[in-house]
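Read through the structure below, which is laid out as structure tokens, and then see the notes.
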Amino acid sequence: MLDRRRELGTLRLIGTTRRQVLGMVRWEALLVATAGIALGTAIALATLVPMMRGLTGEDPYVPPLTYAGFAGAAVALGLAATALPARAALRRTTPKP
């Protein structure tokens with residue numbers, strides 16, 4: 001996020017409000033976190049299902065609340081990891097080109 005300071009500064013210079021920039025950053029983080037969860041789940045299922053069927057003859061089981069907890073934690077960490085540096089980048093002045 002700190003590498004994007006210039007981009008965020010340019011958005012501010014063309015009239016985007018601080019709130020709009022932070023909203024854009026939040027949506028990007030949410031999209032990346034959701035895609036990561038979906039891809040991670042697909043990869044885990046593609047490898048675990050055949051292995052578990054071969055070893056035990058049953059499908060793997062993950063309690064839904066446990067899965068939701070891990071997914072929620074991943075989204076929260078993704079949002080925090082982008083929101084905090086974005087706020088810091090928007091506090092500073094725009095670097096000169």
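All values reported here derive from a predicted model rather than from experimental measurement. No hydrogens, no waters, no symmetry mates; every other heavy atom, side chains included, goes into these values.
- No path of Ile, Leu, Val, Met, Phe, Trp and Tyr side chains, each step under 4.5 Å between heavy atoms, connects Leu79 with Val25, placing them in separate hydrophobic clusters.
- Under the 4.5 Å side-chain contact rule for hydrophobic residues, Leu39 and Val49 do not share a cluster.
- Evaluation of the side chain to side chain contact (heavy atoms under 4.5 Å, CB included) rule for Met24 yields Arg4, Leu8, Leu11, Glu28 as partners, not counting sequence neighbours.
- Residue pairs meeting the salt bridge (Lys or Arg N to Asp or Glu O under 4.0 Å) criterion with at least one partner in residues 31-47, sequence neighbours excluded, do not occur; the list is empty.
- By the 6.0 Å contact criterion, CG on Leu55 is enclosed, its count of non-hydrogen atoms from other residues, nucleotides or ligands being greater than 12.
- Remark: Ile43 CD1 to Leu48 CG distance equals 11.5 Å, nearest 0.5 Å.
- Among residue pairs with one or both ends in residues 32-55, those qualifying as salt bridge (Lys or Arg N to Asp or Glu O under 4.0 Å) are Arg53-Asp59; sequence neighbours excluded.
- A distance of 9.0 Å separates CZ of Arg12 from CD of Gln20, quoted to the nearest 0.5 Å.
- Ile37 and Trp27 end up in the same hydrophobic cluster when Ile, Leu, Val, Met, Phe, Trp and Tyr side chains are linked at under 4.5 Å.
- Taking OG1 from Thr82 and CG from Leu22, the interatomic distance works out to 9.5 Å, rounded to the nearest 0.5 Å.
- Gly78 approaches Ala29 most closely through the heavy-atom pair O-CB, 3.9 Å.
- Counting only residues at least two apart or on different chains, no salt bridge (Lys or Arg N to Asp or Glu O under 4.0 Å) pair has a member in residues 60-78.
- Thr41 meets the side-chain hydrogen bond (donor to acceptor under 3.5 Å, both in side chains) test with Tyr67; sequence neighbours excluded.
- Looking at every heavy atom in both residues, Pro85 comes nearest to Ala80 through CD-O, 4.0 Å.
- Under the side-chain hydrogen bond (donor to acceptor under 3.5 Å, both in side chains) criterion, Thr66 pairs with no residue, sequence neighbours left out.
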